[in-house]
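We use all heavy atoms of the structure for the numbers below, so side chains are in, but hydrogens, waters and symmetry mates are not. Note on naming: letters A, B, ... go to the chains in the order of the sequence lines (proteins, then strands), and numbering restarts at 1 for each one.
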Protein chains: 2
Amino acid sequence: MKTLLLSLLLVSSSALAGNSQYVNPFIGTSNFGATHPGAQYPNALASLSPFNVAFGDALNKFEKDAAWNSRVYIHENRYLTGFSHLNLSGVGCPEAGVMLLMPTTGKLNLNAREYGSTYSDEQASPGYYTSQLDKYQVKAELTSTLRTGLSRFTFPAGQSHILLNLGLGLTNETGASLKVVSEREVEGSRMLGTFCYNPEDVRPVYFVARFSKAAAEFGAWKKMPKYQNVEADWISYNDSIKPYAGYRQTLSGDDIGAWFSFNTEAHEAIEVKLGISFVSIENARANLDAEQPGFDFAKTRQAAVNAWDKLLDRVEVEGTETNKTLFYTALYHSLIHPNILQDVNGDYPLMGQQGVGNSKQNRYTIYSLWDTNRNLHPLLSLLYPELQSDMLNSAVAMAKESGWLPKWELYGMETQVMVGDPATPMLADSYLRGIRDFDIQSAYQAMIRAAEQRQHNLLRPENNDYLDLGYVPVDDEGPYDGSVSTSLEYYLADFNLSQLAGALGKTADQQKYLSRAMNYRKLFDASTGMLRPKNRQGQWLTPYDPELGRNFEPAPGYIEGNAWNYRFYVPHDTPGLINLLGGESAFVQELDATFETGNFDMANEPDITYPFLYNYVAGQSARTSLRASELIASHYGNHPAGLPGNDDTGTMSAWLAFAMMGIYPVSPGLMDYALFNPSFDKVTLKLNQDYYPGKTLVIEKGKPKARSDTQAEFNQGPLARPFLSHQSLVQGGHLIIQ
Amino acid sequence: MKTLLLSLLLVSSSALAGNSQYVNPFIGTSNFGATHPGAQYPNALASLSPFNVAFGDALNKFEKDAAWNSRVYIHENRYLTGFSHLNLSGVGCPEAGVMLLMPTTGKLNLNAREYGSTYSDEQASPGYYTSQLDKYQVKAELTSTLRTGLSRFTFPAGQSHILLNLGLGLTNETGASLKVVSEREVEGSRMLGTFCYNPEDVRPVYFVARFSKAAAEFGAWKKMPKYQNVEADWISYNDSIKPYAGYRQTLSGDDIGAWFSFNTEAHEAIEVKLGISFVSIENARANLDAEQPGFDFAKTRQAAVNAWDKLLDRVEVEGTETNKTLFYTALYHSLIHPNILQDVNGDYPLMGQQGVGNSKQNRYTIYSLWDTNRNLHPLLSLLYPELQSDMLNSAVAMAKESGWLPKWELYGMETQVMVGDPATPMLADSYLRGIRDFDIQSAYQAMIRAAEQRQHNLLRPENNDYLDLGYVPVDDEGPYDGSVSTSLEYYLADFNLSQLAGALGKTADQQKYLSRAMNYRKLFDASTGMLRPKNRQGQWLTPYDPELGRNFEPAPGYIEGNAWNYRFYVPHDTPGLINLLGGESAFVQELDATFETGNFDMANEPDITYPFLYNYVAGQSARTSLRASELIASHYGNHPAGLPGNDDTGTMSAWLAFAMMGIYPVSPGLMDYALFNPSFDKVTLKLNQDYYPGKTLVIEKGKPKARSDTQAEFNQGPLARPFLSHQSLVQGGHLIIQ
């Protein structure tokens with residue numbers, strides 16, 4: 001009895017000890033943030049989220065199929081149809097959101113359109129989610145591990161059911177198989193994929209679910225197709241859900257599920273744990289057995305809290321409670337993707353192939369690199385180099401398996417979403433920052449392949465023209481041409497390749513790729529000051545409206561933006577761009593105009609470095625602090641709409657984390673952090689000494705002074721310019737910014 | 001070289017040696033016979049049939065879904081969309097017809113509506129089918145074993161493909177899973193069931209298919225659902241077939257398939273063998289490995305021919321070639337169902353449960369007992385008692401597993417199709433005929449349960465009323481009431497139970513059930529001479545038209561027929577019925593009227609004993625020969641329409657086999673064969689001496705004489721009446737009928 005009390009006390013106190021206490025998982029669940037408030041373990045394959053984007057008519061403002069919707073949970077919605085075990089965070093295309101558990105009571109109803117419920121008493125914290133399902137008076141609690149979820153449903157007295165719906169899901173793909181193994185277990189697989197509709201690749205995710213109580217009754221169901229003619233006259237379940245009570249064979253189809261029914265006493269809790277794998281049902285079972293040998297909700301939840309604290313406690317901040325919440329939630333959202341893919345035995349699906357690999361090291365997946373190469377991976381490199389190292393190793397392994405580094409990798413599938421060659425900046429930048437425990441020679445070879453292969457280049461499909469002309473011409477693509485955007489990404493990749501070549505002593509390559517990276521000048525149009533689409537013959541696209549694209553209409557030359565959004569997107573050579581634009585004064589004028597005419601988009605990546613560009617102009621760097629604090633205040637907040645838009649697998653959150661610490665990496669491949677006023681009085685980074693010489697870096701906010709330039713001192717030496725190199729910073733010590 | 005020639009010679013000569021040479025598998029492929037012309041091994045789980053009932057527009061006269069269609073192949077149709085590996089023969093509801101292989105050439109097309117072809121040079125013989133696919137100039141040849149099929153496709157030079165379609169099928173059920181294991185192998189499962197739409201039970205059939213040549217390319221496909229709204233704007237494959245090239249994971253869905261592509265030289269043959277199991281993919285693979293260790297088309301085909309000859313050579317007939325074809329094809333069609341269900345390792349799906357059983361003995365399935373208890377099982381008992389013994393053992397095992405004997409058993413599912421309690425006649429009759437190597441005590445207990453249980457009686461749902469009233473009342477069922485038909489089947493079952501009780505020395509039971517069997521008199525209406533529906537209060541159904549139901553309109557009281565069809569259906573007490581009808585003269589008059597007013601239906605079971613009833617009236621038995629020969633001539637023939645209708649898993653064929661031999665079993669439970677003119681000069685039955693004392697029975701057609709009575713002599717003793725008991729007949733010897 002004493003022991004029990006002590007352990008309860010420990011659970012309770014340790015749950016409050018770390019920085020995970022400040023995280024608000026509801027941030028980003030409105031305003032298209034596309035985060036979910038469900039139970040989430042750091043960088044985990046599985047997560048367990050409430051799913052409220054299907055049906056509900058008037059109750060759900062946003063229905064998953066009524067518009068392009070990439071969210072399993074939307075804060076404005078009210079009609080919940082289950083809890084999904086595989087979820088993406090902050091992604092722009094519908095995917096996953098599958099394997100939905102739903103507790104119900106009373107007469108069995110297998111139609112999700114009808115069995116959904118409103119909910120109340122909703123709470124979420126790292127590794128935990130709970131709400132009360134109003135229709136059934138069932139309390140739902142969720143927690144999770146790396147590869148498994150655990151649901152605890154507390155039922156009223158009477159007939160209670162737990163449904164596993166394999167038809168409903170956020171993914172556009174359909175198809176599943178299941179088999180009830182016993183009164184306590186069901187196994188199967190669920191198709192997913194067709195991510196962003198191109199190239200419409202698919203994979204099954206395998207699962208094993210186990211119940212803490214043997215079901216009194218169980219069965220499987222299948223939505224029957226629409227029958228015609230004589231069959232329609234006879235079939236009992238035409239275009240409707242057909243139940244198979246007691247069924248224990250394999251059941252396959254587009255839209256199937258299984259139910260487990262129980263006679264429950266008042267307040268009886270039944271738990272369901274579900275393990276997943278991208279390799280096999282056997283591996284899903286092994287994952288479940290390894291990570292949840294029994295049913296212990298408190299222990300499982302505490303393990304998730306501990307894992308979060310271990311990561312979040314890497315940074316201590318002193319400031320307002322709200323700012324702490326914003327900051328630690330930003331770190332939290334930065335630590336969801338990439339996530340591990342391999343099973344407990346090391347198996348994982350090979351990249352771009354159909355076979356199975358095995359690795360002793362963590363194998364990561366979900367690389368949304370067009371988004372994340374800019375700041376998320378630099379943030380991980382600084383705070384969690386050991387995670388970034390595993391992500392680098394995984395990326396290089398993908399190249400070995402498929403021939404190509406990842407671009408937008410999803411569970412071993414290259415979805416080819418977005419443009420550019422973003423793995424090269426990600427890998428080169430990390431290497432330059434000092435994370436070198438990966439196979440840099442293989443990585444380099446893979447980068448060179450992407451940079452040089454003219455035909456059938458998976459990463460740089462426009463490479464032939466790019467190599468011939470020094471830019472991608474606007475001619476070919478019609479209104480959705482992304483020639484400027486694509487060129488700019490290639491320039492940045494080539495710059496990173498050049499920097500890496502330098503670090504590797506490959507001087508000729510260094511020069512070659514630097515020269516390519518500087519070709520951005522070919523797209524600079526002095527008459528408009530824009531990076532302007534140019535055709536194959538060297539003529540500017542005419543007519544030309546740099547504002548075109550601001551309202552999401554197609555803008556030839558630009559992907560997800562207009563000319564203004566891209567006009568400073570040469571992060572590797574801002575000084576050069578300043579010269580092209582006519583000098584510092586003109587540059588600042590144009591930069592201000594970008595913000596002041598509404599041509600800055602906080603919700604998308606190409607321009608998110610722009611607030612920090614003032615630091616390049618002497619006497620103007622204080623404006624960086626101003627812009628950063630304005631953007632934080634206007635786009636971020638401790639509420640569901642507190643992200644500017646899609647979190648983009650943590651990119652918007654990583655921006656906030658850097659912005660609140662008063663440092664921002666100016667460009668992949670460049671080691672400078674721009675310095676500006678932090679949001680906290682004091683930020684203490686605990687550096688990983690396996691990678692970095694320093695033990696601790698303290699960033700302090702100096703006394704605010706009315707001046708036009710940010711001044712900083714590092715380890716008691718004043719800095720001549722408002723930048724500090726990564727190599728200096730990771731020596732540790734004190735950085736004072738004022 | 002010499003050896004090769006010799007073996008070719010042997011194959012060729014042995015292929016012609018036995019009676020299988022006379023079989024024409026096309027008989028029954030028109031006129032709703034519902035047989036298939038495909039490769040068929042005796043009583044096999046697998047068979048391999050051309051499938052021509054889907055799509056084809058003008059080319060296919062009958063489309064599978066346009067009307068109630070239970071046929072995988074229809075002779076009038078011309079558009080073939082594959083070769084199916086699981087097929088029922090002579091069944092009235094759509095089922096199976098799944099796992100369709102289709103060879104194509106040229107540009108890959110995965111849409112069965114488009115990839116089908118006309119065909120020519122069609123030939124079929126036991127264990128073999130071939131045709132030329134006109135569109136592709138591919139020669140298709142099929143053969144099969146107990147649990148596997150083997151297809152040989154001879155391609156022209158160029159791009160060739162073999163498609164495995166798991167969406168298309170005759171069954172009303174949908175859903176499948178597949179996984180390409182290698183360039184030579186694919187495995188998976190396919191749902192089937194919902195047989196006759198009630199109770200809509202389902203089972204998966206598992207398969208492994210292996211190719212003789214590694215595919216140059218392969219993939220899987222899936223018919224995508226109809227997307228709406230924004231998804232419809234983006235999805236590439238909306239409501240259409242989506243290919244997944246190189247896919248090797250599990251793929252599940254309502255409508256899926258896999259393709260294997262080859263670069264073929266001219267006249268290059270590629271073979272595909274496919275093993276099936278109702279237990280697991282592993283067992284399907286074990287079946288395939290055991291029955292077809294290599295690829296040897298000639299050997300596999302010869303093994304099927306040998307198996308057929310071994311059975312068909314049990315009877316030798318002397319007569320015209322056409323009559324030989326009719327007779328041996330009738331035996332062939334009588335030896336397809338029931339068929340074995342167990343895997344090579346003895347595993348089989350338990351009856352009415354979800355588990356797996358194991359048996360060293362053959363486990364049979366497909367018991368259409370309302371049809372087959374009348375003559376098919378008596379035919380098997382006479383000619384193949386060793387097969388009938390296994391079928392009896394299987395039926396008793398089903399009762400042990402599920403609590404109930406089978407009625408219409410399909411792959412371990414009790415479909416409850418048709419009325420009555422037909423397993424009791426089947427089992428009792430066989431026991432009385434001398435097949436006793438089964439657990440008669442358990443069988444008897446199961447029969448008693450069916451006869452006595454008042455509520456929730458799976459076999460006799462009307463038993464409560466039947467026990468109270470001595471008949472099933474017409475009150476409850478509306479236009480589809482089958483009260484008279486149901487009562488008559490229960491009387492026949494009770495008679496058989498009585499006879500069996502007598503044989504087992506259970507005298508009280510014998511009397512009890514005999515008394516029940518005689519209650520048919522309660523339904524005899526002297527005013528109409530019909531067995532007439534009676535309500536719960538004992539009043540005849542009024543108004544009443546005995547012709548009602550002749551054109552398939554609902555006829556209260558009668559299932560699949562009208563009052564005329566059922567008026568003599570008391571086979572266990574024809575003498576009693578003669579008395580009720582007013583004596584022999586009135587009886588013959590009414591019997592004649594039945595035939596002469598078009599109220600005899602050769603295509604359905606209740607009245608098929610009527611032609612032989614003349615034997616019960618002295619001086620009239622020659623009319624039996626007349627009726628029998630007229631019916632044979634008008635309803636049977638050596639052409640696709642050469643069966644009167646649905647073969648009913650061999651019942652119509654068993655009728656023909658008996659009718660051509662000049663003997664017909666008068667009723668289950670009664671040991672008399674009615675004797676009449678055989679179609680052959682001489683029929684020699686080789687009796688199985690494990691069961692019967694005689695070695696050979698010879699039936700000879702005596703010289704035809706102009707007289708009104710059939711005269712017969714058995715082993716030189718003239719018979720007083722035109723009947724011979726089974727017990728006498730199986731003594732062997734000579735039976736001369738004239």
Proximal component of B:Tyr206, with respect to chain A [non-hydrogen, under 4.5 Å]
side chain
Apply the side chain to side chain contact (heavy atoms under 4.5 Å, CB included) test between A:Asn287 and each candidate in A:Asp347, A:Asp343, A:Val208; give the one that qualifies.
A:Asp343
Is it true that the side chains of B:Ser402 and B:Gln353 contain a donor and an acceptor less than 3.5 Å apart?
no
For the CH2 atom on A:Trp234, are there more than 12 heavy atoms of other groups (residues, nucleotides or ligands in this structure) within a distance under 6.0 Å?
no
Taking B:Asn165's backbone N and O only, do any of them form a donor-acceptor pair with B:Trp221's side chain (distance below 3.5 Å, no angle check)?
no
Taking only residues two or more places apart in sequence or in another chain, which ones pass salt bridge (Lys or Arg N to Asp or Glu O under 4.0 Å) with B:Arg203?
none
Please name all residues satisfying salt bridge (Lys or Arg N to Asp or Glu O under 4.0 Å) with B:Glu187, sequence neighbours left out, ordered by chain then number.
B:Arg285
Using a heavy-atom cutoff of under 4.5 Å, enumerate the residues of residues 274-282 of chain A that contact chain B, numbered in order, or state 'none'.
A:Phe278
Listed partners of B:Asp239 passing salt bridge (Lys or Arg N to Asp or Glu O under 4.0 Å), at least two apart:
B:Lys223
Tell me, out of A:Gly253, A:Pro225, A:Pro349, who's got the most heavy-atom pairs with chain B below 4.5 Å.
A:Gly253
With side chains defined as the heavy atoms from C-beta onward, is the minimum distance between A:Asn69 and A:Phe62 less than 4.5 Å?
no
Per-residue tally against chain B (heavy atom, under 4.5 Å) across A:Arg190, A:Glu173, A:Gln228 peaks at A:Glu173
Distance in Å, B:Glu95 CD paired with B:Leu192 CG, rounded so as to fall on 0.5 Å steps
5.0 Å
Measure B:Val180 against the heavy atoms of chain A and call it side chain, backbone, both or neither at under 4.5 Å.
neither
Between chain B and each of A:Asp255, A:Val230, A:Asp254, count heavy-atom pairs under 4.5 Å; write down the option with the most.
A:Asp254
Smallest separation among heavy atoms of A:Ser189 and A:Pro204, with atom names:
CB-CB, 4.3 Å
Which answer fits B:Tyr247, side chain, backbone, both or neither, if we ask what part of it has an atom under 4.5 Å from a heavy atom of chain A?
both
Taking A:Ala215's backbone N and O only, do any of them form a donor-acceptor pair with A:Arg184's side chain (distance below 3.5 Å, no angle check)?
no
With a 4.5 angstrom heavy-atom cut-off, which part of A:Tyr227 approaches chain B: side chain, backbone, both or neither?
side chain
Report the option among A:Val202, A:Asp201, A:Asp233 that has the most heavy-atom pairs separated by less than 4.5 Å from atoms of chain B.
A:Val202
So for B:Ser177, is it side chain, backbone, both, or neither that comes closer than 4.5 Å to the heavy atoms of chain A?
both
Could you tell me which portion of B:Ile256 (side chain, backbone, both or neither) has an atom closer than 4.5 angstrom to a non-hydrogen atom of chain A?
neither
